[in-house]
Amino acid sequence: MTIKNDKPRDMDTTLIHAGRDPQRFEGAVNTPIFHASTILFPDAQSIRTESHPSGNEYGRNGTSTTRALEEAVSALEGGERTVTYPSGAGAVAGAFLTVLKAGDHFLIADNVYGPSRRFCNQVLSSLGVDCEFYDPALGGDIVTLFRPETRALFMESPGTATFEVCDVPAMCQAAREKGIITILDNTWSAGLYFRAFEHGVDMTVHAGTKYVGGHADVMLGMVTTSEKLYPKLKQTAKNLGACAGPEVCYLALRGLRTLSLRLPRHFDTGLKLAQWLDTREEVETVLHPALPSCPGHEIWKRDFTGASGLFGVVLKDYSTAAVDALLDNTPLFGLGYSWGGYESLIIPTDLGKLRTATTWHHKTPVIRIHAGLESYDDLRADLEVGLDCLRSTN
Ligand SMILES: Cc1ncc(COP(=O)(O)O)c(C=O)c1O
């Protein structure tokens with residue numbers, strides 16, 4: 001006899017067990033990689049009704065590997081159903097196309113990831129969606145921008161370029177009262193440090209490319225939502241012909257199993273580096289939600305349970321050559337864009353030019369750092385050399 005244990009589980013436990021059913025797969029601990037375009041139905045009746053006993057029907061619509069990942073990601077995000085996409089950018093596009101149509105008004109935070117912004121300006125606008133960017137600090141005052149035709153509201157909190165934290169609960173409450181759908185890019189928190197659905201969000205997008213993959217070797221996007229919005233979300237992915245490949249789903253599941261071990265280390269090292277950089281004479285300010293100087297810090301303290309390893313550093317007025325000397329003399333920090341892997345990264349960023357609803361007040365150079373899993377002491381020593389080079393090159 002099996003005794004059922006209904007006690008709520010910690011996320012540490014959930015991430016180990018969600019989306020696994022070993023006895024369905026010959027006892028294998030991990031759901032195997034199913035390479036399948038064609039699914040063979042057992043008889044004429046089952047193909048006529050598209051009811052294969054496995055639940056699969058066509059490779060593009062997912063196999064057991066895909067469903068294992070989607071189930072696990074739903075548990076991570078705290079939503080009911082997930083659809084996977086071949087990239088985070090694809091997931092953003094899929095979420096938008098699920099809820100928007102010509103004639104709708106769409107509100108987008110001014111601090112969102114560049115390609116998300118571009119999709120609004122270049123694709124949604126040409127499809128007849130009226131895209132309006134708003135100040136991410138608006139909070140509940142977002143109501144002042146609502147119109148009868150406002151259909152959806154998109155947030156990225158914190159913005160992964162400028163790191164302001166939005167008052168997501170206040171915005172979601174205001175939107176819900178008007179029947180406006182809220183979508184949040186929850187990639188920075190890895191789903192782990194911000195419980196989006198508990199804070200009122202209707203749909204999350206998450207670039208699994210980052211911390212879920214965690215090893216800088218997969219491209220993956222996920223959209224998580226309610227049972228109610230799921231049929232439309234899934235149909236949109238089918239219409240787009242979008243599906244994540246089976247190896248990617250497998251690697252993402254493998255990454256997900258250790259997410260709650262890796263994230264605290266990224267958090268700890270990132271925060272220590274941010275605090276140390278904040279004391280340096282070369283630095284104007286550090287953009288890290290856990291530092292009191294970061295816009296939205298109080299909201300971060302209220303709503304988040306941690307921070308990822310990604311943050312920004314506004315330098316004092318150094319020349320491009322000096323900043324390049326810093327970037328070229330920190331060998332433990334790779335020069336690359338896609339963060340969330342086990343390794344540290346550093347890039348120059350140019351934030352001001354993207355904004356339209358708000359003004360970016362810092363005029364001096366900004367760099368973005370991803371704190372990887374290396375030792376804090378080694379990373380700090382590396383940055384110390386880089387900062388010496390910055391000063392001596394200016
Ligand atoms: C916040 C955020 N959302 C979405 C994406 C897009 O993810 P992908 O690179 O998988 O397309 C990124 C990528 O950097 C990101 O930083």
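Computation of the quantities below employed the complete heavy-atom set of this structure, encompassing side-chain atoms and omitting hydrogens, waters and symmetry-equivalent molecules. Just so you know, ligand 1 is whichever comes first in the structure, and atom 1 is the first atom listed for that ligand.
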> Quick one: do the Thr364 and Glu284 side chains pair a donor with an acceptor below 3.5 Å?
Replying inline: no

> For atom 14 (O) of ligand 1, what is the nearest protein heavy atom, given as residue, atom name and distance?
Replying inline: Lys210 NZ, 2.8 Å

>> Contact between ligand 1 and His206 is defined here as a heavy atom of the residue under 4.0 Å from a ligand atom; is it met?
In response: no

> Between Arg262 and Tyr211, is NZ or CZ placed under 6.0 angstrom from the six-membered ring centre and within 45° of the ring axis?
Replying inline: no

>> Could you check whether Asp303 pairs with Arg195 (Lys NZ or Arg NE/NH1/NH2 to Asp/Glu carboxylate O, under 4.0 Å)?
In response: no

> Of all the non-hydrogen atoms in the protein, which one sits nearest to atom 8 (P) of ligand 1, and at what distance?
Replying inline: Gly88 N, 3.3 Å

> Taking it one step at a time, do Asp12 and Ser260 satisfy side-chain hydrogen bond (donor to acceptor under 3.5 Å, both in side chains)?
Replying inline: CA-CA 6 Å; Asp12 288 348; Ser260 71; 2.8 Å; yes

> What are the atoms of ligand 1, with element, lying closer than 4.0 Å to any heavy atom of Glu156?
Replying inline: 1 (C)

>> Walk me through whether Leu153 and Tyr134 qualify under side-chain contact (heavy atoms from CB on, under 4.5 Å).
In response: CA-CA 10 Å; Leu153 168 65; Tyr134 65 84; 3.5 Å; yes

> If we only count N/O pairs under 3.5 Å, is Gly90 in contact with ligand 1?
Replying inline: no

> What residue among Thr84, Asn56, Thr31 forms side chain to side chain donor-acceptor pair (under 3.5 Å) with Arg67?
Replying inline: Asn56

>> With no hydrogens and no angle check, just 3.5 Å: does a side-chain donor-acceptor pair link Asp377 and Ser375?
In response: no

>> If you measure every N or O of Asp185 against every N or O of ligand 1, does any of those distances drop under 3.5 Å?
In response: yes

> Identify the closest protein heavy atom to atom 5 (C) of ligand 1: which residue and atom is it, and at what distance?
Replying inline: Tyr113 CE2, 3.4 Å

>> With heavy-atom distances below 4.0 Å as the criterion, list the atoms of ligand 1 near Trp339.
In response: 14 (O), 16 (O)

> Which of parallel (below 30°), tilted (30 to 60°) and perpendicular (above 60°) describes Trp300 and Phe267?
Replying inline: perpendicular

> Can you list the ligand 1 atoms lying under 4.0 Å from a non-hydrogen atom of Thr160?
Replying inline: 1 (C), 16 (O)

>> Show me which atoms of ligand 1 lie under 4.0 Å from any heavy atom of Ala89.
In response: 6 (C), 7 (O), 8 (P), 11 (O)

> Backbone or side chain, does any N or O of Thr209 fall under 3.5 Å from an N or O of ligand 1?
Replying inline: yes

